[in-house]
Amino acid sequence: DAIVANPDEPTFENTIEAMEYAGQTLNKVVGIFYNLMEAHTSDEMQAIAEKVSPMLTEYSMYVSLNAPLFERVKAVYEKRNELGLEKDQMTLLEDNYKSFVRGGANLSEEDKAVYSKWAEELSLATLQFSKNVLAATNAYTLHITDSTDLAGLPEYVKVMGAETAKEKGLEGWAFTLDYPSYGPFMKYSTVRNLRQDMWTAYNSRALGGEFDNSDVVKTIVDLRIKMANILGYETWADYVLEERMAKSRETVNDFIMQLLEPSIPFAKKDVADVLAYAKKNGFEGKRLESWDFSYWSEKYQQA
């Protein structure tokens, strides 16, 4: 508001540079908060996020769809070649201008209102998606009470399992879908049916049940395509890639195929080598399932 209310003619210093410094404290706090929430969340933090996320989206829309603010930015941008800017200053100016355009600054007032509504809905939907994945991850525990079911696990994995069980108020050992627990169990456990249970649970998180993300995913996809379309892009991928090195879907797909085609023969050979080793060492199946590969691959590498 202070930048918009400045009576002086827009300049790089009083508009672009001023915007760069505006809200720095908020940006630092938000960065710390959401990093902590991803790595070490709690019910209290999730409640705060649900309250704060719509406020942050509203604030973001207030800035990016602020017509008088955009007019000042545009005025500086249109004179950019006359200002004698350093390379980093020019980059900042160009990025600033593009972020406004990509954020809907050129939309009609009616479309801005619709776009803002979609942006808030998308913010809440993506938050709900993460919340469901986390809840589904935390809801699963492989509880072991028979020590024979620990076959193959190194001592440090058993100790970790015992500590997890103690934390959960359980007897014996407990293993979760958190990767420090899940990864070693899948790599070392010789009990195939338990590996299958863990793999199935890990790969079906938030798919059905109490924390189902199916409808949330559809909502996210629907909102993204509508937001991309209103900004003049065919797909959300086109919108995102414009600011990435690849620039286009075609480049991305070509790059994937350049990697995929020469890689597949080597990947198949790796699988065949691990399967041959497994069969020589007691594996009776015709093919390695997803819950087998990490275990037998580790054994093969050690051999």
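Remember, predicted model here, so these are calculated numbers, not experimental data. Heavy atoms only: backbone and side chains are in, while hydrogens, waters and symmetry mates are out.
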**Message:** Could you list the cluster mates of Val216? Members are the ILVMFWY residues connected by side-chain heavy atoms closer than 4.5 Å, either directly or through other members.
**Reply:** Met61, Leu65, Leu107, Val114, Tyr115, Trp118, Leu122, Phe129, Val133, Val217, Ile220, Val221, Leu223, Met227, Ile230, Leu231, Tyr233, Trp236, Tyr239, Val240

**Asked** Got a second to check how far Ser263's OG is from Ile256's CD1, nearest 0.5 Å?
**Response** 11.5 Å

**Message:** Just by distance, no angles: are the side chains of Asp1 and Tyr62 close enough, under 3.5 Å, to form a donor-acceptor pair?
**Reply:** yes

**Asked** Under a 4.5 Å cut-off applied to non-hydrogen side-chain atoms, are Thr137 and Asp178 in contact?
**Response** yes

**Prompt:** From Leu207 CG over to Asn132 CG, what is the distance, rounded to the nearest 0.5 angstrom?
**Reply:** 11.5 Å

**Request:** Using the salt bridge (Lys or Arg N to Asp or Glu O under 4.0 Å) rule, take Glu243 and Lys98 through it: C-alpha gap first, then chi angles, then the decisive distance, then the call.
**Result:** CA-CA 9 Å; Glu243 291 296 285; Lys98 274 194 281 186; 3.7 Å; yes

**Residue pair Ala165 / Gly172: nearest heavy atoms and the distance that separates them** = CB-O, 3.3 Å

**Request:** Determine the minimum heavy-atom distance between Leu85 and Arg80, stating which atoms define it.
**Result:** CD1-O, 4.3 Å

**Request:** Return the set of residues passing side chain to side chain donor-acceptor pair (under 3.5 Å) with Gln24 (not counting sequence neighbours), or none when no residue passes.
**Result:** none

**Item:** SB check Lys112 Glu109 (cutoff 4.0 Å)
**Value:** yes

**Message:** Measuring from atom CG of Asp270 to atom OG of Ser297, what distance do you get when rounded to the nearest 0.5 angstrom?
**Reply:** 8.0 Å

**Asked** Can you name the one residue among Lys218, Arg224, Lys226 that meets salt bridge (Lys or Arg N to Asp or Glu O under 4.0 Å) with Asp222?
**Response** Lys226

**Asked** How long is the gap from CG on Asp43 to CD1 on Ile48, to the nearest 0.5 Å?
**Response** 11.0 Å

**Request:** List in chain and number order the residues that pass side chain to side chain donor-acceptor pair (under 3.5 Å) with Thr11, two or more places apart in sequence or in another chain; answer none if no residue qualifies.
**Result:** Asn14

**Request:** Could you check whether the rings of Phe283 and Trp296 sit parallel, tilted or perpendicular, using 30° and 60° as the cut-offs?
**Result:** perpendicular

**Asked** Do Thr15 and Tyr77 have side-chain N/O donor and acceptor atoms under 3.5 Å apart?
**Response** no

**Request:** Salt-bridge test for Glu234 and Arg249: reply yes if a basic N is under 4.0 Å from a carboxylate O, no otherwise.
**Result:** yes

**Asked** Taking only residues two or more places apart in sequence, or in another chain, which ones meet Gln46 in a side-chain contact (heavy atoms from CB on, under 4.5 Å)?
**Response** Thr41, Lys131, Leu134

**Nearest non-hydrogen partners of Gln128 and Asn213, listed with the distance** = O-OD1, 4.1 Å

**Item:** All side-chain contact (heavy atoms from CB on, under 4.5 Å) counterparts of Ser290, not counting sequence neighbours
**Value:** Trp199

**Fill in**
Heavy-atom closest pair (Val252 atom, Ala246 atom, distance to 0.1 Å) is CG2-CB, 3.7 Å

**Complete:** Nearest heavy-atom contact between Phe175 and Met198 is CB-CE, 4.0 Å

**Request:** Under the side chain to side chain donor-acceptor pair (under 3.5 Å) rule, collect the residues that match up with Ser189, sequence neighbours excluded.
**Result:** none

**Request:** State the CZ-NZ distance between Phe12 and Lys79, to the nearest 0.5 angstrom.
**Result:** 13.5 Å

**Item:** Nearest heavy atoms of Glu13 and Glu17, plus distance in Å
**Value:** O-CB, 3.4 Å

**Item:** Distance (rounded to the nearest 0.5 Å) between Leu170 CG and Thr141 OG1
**Value:** 7.0 Å

